[in-house]
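Numbered from 1 within each chain, the chains take letters A, B, ... in sequence-line order.
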Amino acid sequence: MSANKPGGASARQGEGRGVTPRSLDYSTWYTDVVTKAELADYSPVRGTMVIRPYGYALWENIQKDLDRRFKETGHQNAYFPLFIPQSFLQKEAEHVEGFSPELAVVTHAGGKELEEPLVVRPTSETIINHMFSKWIQSHRDLPLLINQWANVVRWELRPRLFLRTTEFLWQEGHTAHASEPEAREEVLRILQLYRDFVQDMMAIPVVPGRKSDSEKFAGAVETFTIEAMMGDKRALQAGTSHYLGQNFAKAFGTQFQNENNELDFVHQTSWGVSTRLVGGVIMAHGDDKGLRLPPHIAPIQVVIVPFIRSDEDRARVLPIIDQIRQALPQIRFQVDDRPSLSPGFKFNEWEMKGVPLRMEIGPRDLDKNQIVLARRDTGEKEFVDLDRATHALPDLLEQIQAGLWEQALAFREANTRTVETYEEFKAQLDEVGGFFLAHWDGTPETEAKIKEETRATIRCIPLDSPQEPGRCMVTGEPSKQRVLIARAY
RNA sequence: CGGGGUGUAGCGCAGCUUGGCUAGCGCGCCACGUUCGGGACGUGGAGGCCGUGGGUUCAAAUCCCACCACCCCGACCA
């Protein structure tokens, strides 16, 4: 039976109340979760999406915490324009080569053809350097630590909700420093910041590492990455931090006078995470009932479903709810008192939306002076004495945060293998998939061969794995360290 | 760009092979009532340029041609 006939995978999409099971069709499961949890919806222009209020609230929570971390490390927010003169892109050779194929270009405006076409920014290194070159004169102007929250456009060939949309939201940090060591320190500081954020807030374990030359950012000297494992065992690049060296500084003349009265080019970094993180949290934690959100970033942490059948019930139940909410102002509550829907319907809906904790309360509970708490991560229900509720709720949220982390970590560990030979690698990749730690001779030729033959890529050269002499699994040439290889999004 | 599909009510689909009745079904939506501790039920109701343009025909959702859009798989990528 072909995939698009009735009964095939895509025919199931959107059907019924639940989502397509992950085991049946992971890709359709993902799309189902995004649309049914009301995170996003398709927009009329190919590859673009509308981020719906619930999805946007999730992004805002991500933004809020990251923004705080950026500011704590001395960065300031600014905003640079969407339009960039086409000639700017062409000033840095690798940059233009890397981005040309995916640019959206404005050629007409105000009813006339433009003198010079404008590129809709795919990233802002060029326009920011243009400005930096005006703002920086002295070593006293450095370091310059700028971040911007923005939308960017990349005309990707194969879009996918949140993971790769034509237009996406992100933050891009751009910094200029007086020396290479200082800039490199910044690159790793941000990588660590990203790692802490994704692990502590999103409960997704990541492998920090350096990208191979062929995988690095167009125009960078070195690119660092955090790589996460998704529920189908594929890798997701969750954030990148680039050491740009003096490449852009030289292209744009971003110079300063140092303490020795010499003119020098600044050393730069850039780094970003995007709305792709939302896709990451879906695929790292979601199950066949839908989304499972880590409490630290969940727009709604506790949904309260009251059982109310009469005014008398209402008079008993609502004050208790108010009391609990007032006692816990730090928790994000939502009370679902929609009268026309049955409790079962509500339970399923909030499970689809991944709310970490559900609190049930009705006359029957109040008779016993208790409430019911149901965890989204384990599905467990427990009865809690009313007077213990204000302690139980925050405790449980932390347990759920930790529980999701433990599950994701255990899953990654169980699906990460060290392999010695290319045959072993290929067999295991097809049979079980996942992350592979293997020796590589460091050449682009071998890297290309692996990619060509297996569709897996070298995700990174991990930073925190030990130096360990070995032989490349493909060529047998010497290698100093194992690298992380996987199929990726 | 290559391969595979799909466009019919808000969503999911049937109808097309073999042209013809008032274009159906499920879910959702609206009103009222009964329900409500794991996806409730009854009654009544609203909602359609059948993707777009052209052609064939007495007659087109249905046949022919062209176009457009979107989805899935690959190459590019945060």
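- Side chain of A/Lys36 to main chain of A/Val19: no donor-acceptor pair is present (N/O by atom type, distance under 3.5 Å, no hydrogens or angles).
- One can find a donor-acceptor pair under 3.5 Å joining the base of B/rG38 and the side-chain atoms of A/Glu351.
- Of the P atoms belonging to B/rG54 and B/rA59, the separation is 16 Å, rounded to the nearest Å.
- In this structure, A/Arg68 pairs ionically with A/Asp65, as a charged nitrogen and a carboxylate oxygen lie closer than 4.0 Å.
- Aromatic rings of A/His296 and A/Trp405 (six-membered ring for Trp) have centroids beyond the 6.0 Å cut-off, not under it.
- Between B/rC67 and B/rC1, the two P atoms lie 12 Å apart (nearest whole Å).
- Under the 6.0 Å distance and 45° angle rule, A/Lys353 counts as a cation-pi partner of A/Tyr54.
- In this pair, A/Phe70 and A/Trp271 present their aromatic rings tilted. The plane angle is within the 30 to 60° band.
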Subject >> Contact pattern, 5' to 3', of nucleotides 73-78 of chain B - B, S or - by protein heavy atom under 4.0 Å >> reply: SBBBBB

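- Using atom C1' as the reference point in both B/rG5 and B/rC49, the two lie 25 Å apart (nearest Å).
- Nucleotides B/rC64 and B/rG44, compared at atom C1', are 45 Å apart to the nearest Å.
- Atom name P, nucleotides B/rC11 and B/rC63: the rounded distance is 24 Å, in whole Å.
- Spacing of C1' atoms, B/rC65 relative to B/rC70, comes out at 22 Å, to the nearest Å.
- Along RNA chain B, the nucleotide closest to A/Pro159 and the one closest to A/Leu366 are compared, and the more 5′ of them pairs with A/Leu366.
- Residue contacts for A/Val152: at a heavy-atom cut-off of 4.0 Å it reaches no nucleic acid atom on any strand shown.
- Comparing B/rC68 with B/rC30, their C1' atoms are spaced 35 Å from each other, to the whole Å.
- Between the C1' atoms of B/rC50 and B/rU8, the separation comes to 4 Å (whole Å).
- The distance from the OG atom of A/Ser241 to the CZ atom of A/Arg184 is 11.0 Å, given to the nearest 0.5 Å.
- The aromatic ring centroids of A/Phe88 and A/His130 lie less than 6.0 Å from each other.
- Judged by the 6.0 Å distance and 45° axis criteria, A/Arg358 is positioned over the aromatic ring of A/Phe347.
- Pairing for B/rA66 is with B/rU52, a Watson-Crick or G-U wobble pair whose two hydrogen-bonding atom distances lie under 3.5 Å.
- Checked against salt bridge (charged side-chain N to carboxylate O under 4.0 Å, His left out), A/Arg314 has no partners two or more places apart in sequence or in another chain.
- In this structure, B/rA75 forms no base pair with any nucleotide, since neither Watson-Crick nor G-U wobble geometry is met with both distances under 3.5 Å.
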Could you list all N or O pairs between the protein and nucleotides 7-10 of chain B that sit under 3.5 Å apart?
none

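- In this structure, B/rG42 and B/rC32 make a Watson-Crick or G-U wobble pair, each of the two defining distances being under 3.5 angstrom.
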